[in-house]
Number of protein chains: 2
Amino acid sequence: MSTGTLVPVFAALGDDTRWSILAALGEGDASASALAGRLPVTRQAIAKHLAVLQEVGLVEPIRVGREVRYRVIGSQLAQTARRLEAIGAEWDRRLAAIRQIAEEL
Amino acid sequence: MSTGTLVPVFAALGDDTRWSILAALGEGDASASALAGRLPVTRQAIAKHLAVLQEVGLVEPIRVGREVRYRVIGSQLAQTARRLEAIGAEWDRRLAAIRQIAEEL
DNA sequence: GCAATATGCAACTATCGGGTTGCAGGAGTA
DNA sequence: TACTCCTGCAACCCGATAGTTGCATATTGC
């Protein structure tokens, strides 16, 4: 079981501002400028965060006229959750086996 | 739906070395010194990482004589996974509703 | 075409975090 | 007691990154 591309996703999710952005996008698609109107950071900072989120597949850009709206991809979050759960279960399984053997000695 | 204490957990999971440590602990409890023998970083670096992991509840210390072994807590990973999945599902639900309304216009 | 608005790019600052070395302190063992 | 081994703490270095300002570029609407 490899962690593969999982770590960058968590790194992307380990920032409060990015969660603010994701939460805002969770209420509807929006552009960097629109998000800058609601959050206490500049548009450029938000643009950088959106680039990070897009890089790990949590968000996708949609050109609408002269603006670029961003859409959150919920399925990526669900897939990450499934992989996380599988890894945790695997650890539990192995460790339980180890302790079982230890007890029998 | 609040992200609560979720973000620090992701920040903790967003580092390769910490995943190496978690993976090693997934094969059995170990002390910082023991881990330093297997990983290409110093014991002190590992000690810092273990402190971070303990802080977010992914790992717990167990004193055994003069050494401190660490144990990975798989259930914390599972809980994080569930919360993540719930958030993604909530976004999908809301956004689907928004698009439904948009189509009807 | 022109003004307005939105994005893109670049340079810069400052803080955070991962990693190191060095040393002091504590707990087990001969 | 003396020795060994493991942990804990502090200071330091450096690269990454979150954030800013400033300007150039493109696209829509009048």
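For clarity, every value in this text was computed on a predicted model and none was experimentally measured. Order of the sequence lines fixes the chain letters, A, B, ..., with proteins taken first and strands second; residue numbering starts at 1 for each chain.
- Side-chain heavy atoms closer than 4.5 Å link hydrophobic residues (I, L, V, M, F, W, Y) into clusters, and following such links, even through other members, never connects A/V52 to A/V7.
- By the criterion of side-chain heavy atoms lying less than 4.5 angstrom apart, applied directly or through intervening Ile, Leu, Val, Met, Phe, Trp or Tyr residues, A/L25 is grouped together with A/L53 in one hydrophobic cluster.
- Listed by first and then second residue, the side chain to side chain donor-acceptor pair (under 3.5 Å) pairs that reach into residues 7-22 of chain B are B/R18-B/H49, sequence neighbours excluded.
- By the criterion of side-chain heavy atoms lying less than 4.5 angstrom apart, applied directly or through intervening Ile, Leu, Val, Met, Phe, Trp or Tyr residues, A/W91 is not grouped with B/I62; the two fall into different hydrophobic clusters.
- Over its full length, the helix from C/dG1-D/dC30 to C/dA30-D/dT1 turns its helical axis through 30°, comparing axes from the five pairs at each end and rounding to 10°.
- By the criterion of side-chain heavy atoms lying less than 4.5 angstrom apart, applied directly or through intervening Ile, Leu, Val, Met, Phe, Trp or Tyr residues, A/Y70 is grouped together with A/V56 in one hydrophobic cluster.
- For the salt bridge (charged side-chain N to carboxylate O under 4.0 Å, His left out) test, residues two or more places apart in sequence or in another chain that qualify with B/E27 are B/R38.
- Per the geometry, CG belonging to A/L50 stands 15 Å off C1' belonging to D/dG19, to the nearest Å.
- Atoms CD and CG, from A/E85 and B/L84 in turn, are 10.5 Å apart once rounded to the nearest 0.5 Å.
- Using a 4.0 Å heavy-atom criterion, one finds that A/A47 contacts no nucleic acid atom at all.
- Here C/dG17 presents its C1' atom at 14 Å from CG of B/L53, a figure rounded to the nearest Å.
- Using a 4.5 Å heavy-atom cutoff, the side chains of A/L50 and A/L35 are in contact.
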Check: protein-nucleotides 20-22 of chain D nitrogen or oxygen pairs below 3.5 Å:
{"unit_1": "D/dT20", "atom_1": "OP2", "unit_2": "A/T42", "atom_2": "N", "d": "2.8"}
{"unit_1": "D/dT20", "atom_1": "OP2", "unit_2": "A/T42", "atom_2": "OG1", "d": "2.6"}
{"unit_1": "D/dG22", "atom_1": "O6", "unit_2": "A/Q44", "atom_2": "NE2", "d": "3.1"}

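- Counting only heavy atoms from C-beta outward, the side chains of A/F10 and A/T80 approach each other to under 4.5 Å.
- Here B/H49 does not reach the OP1 or OP2 of C/dG17: none of its side-chain N or O atoms lies under 4.0 Å away.
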Subject >> From CA spacing to verdict: side chain to side chain contact (heavy atoms under 4.5 Å, CB included), A/L22, A/L13 >> reply: CA-CA 9 Å; A/L22 287 173; A/L13 290 176; 3.8 Å; yes
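- For the segment residues 63-70 of chain B, the set of residues with a heavy atom within less than 4.0 Å of an atom of DNA chain C comprises B/G65, B/R66, in numerical order.
- Atom C1' of nucleotide D/dA18 and atom CG of A/L39 are separated by 14 Å, given to the nearest angstrom.
- For C/dG18, the OP1/OP2 oxygens have no side-chain nitrogen or oxygen of B/T17 closer than 4.0 Å.
- Residue B/R18 contributes atom CZ, which lies 9 Å from atom C1' of C/dG17 at whole-angstrom precision.
- Every residue was checked against the side-chain hydrogen bond (donor to acceptor under 3.5 Å, both in side chains) condition with B/Q44, not counting sequence neighbours, and none meets it.
- For D/dC5, neither phosphate oxygen OP1 nor OP2 lies less than 4.0 angstrom from any side-chain nitrogen or oxygen of B/S33.
- Rounded to an integer number of Å, the gap from CG of A/L35 to P of D/dG19 is 13 Å.
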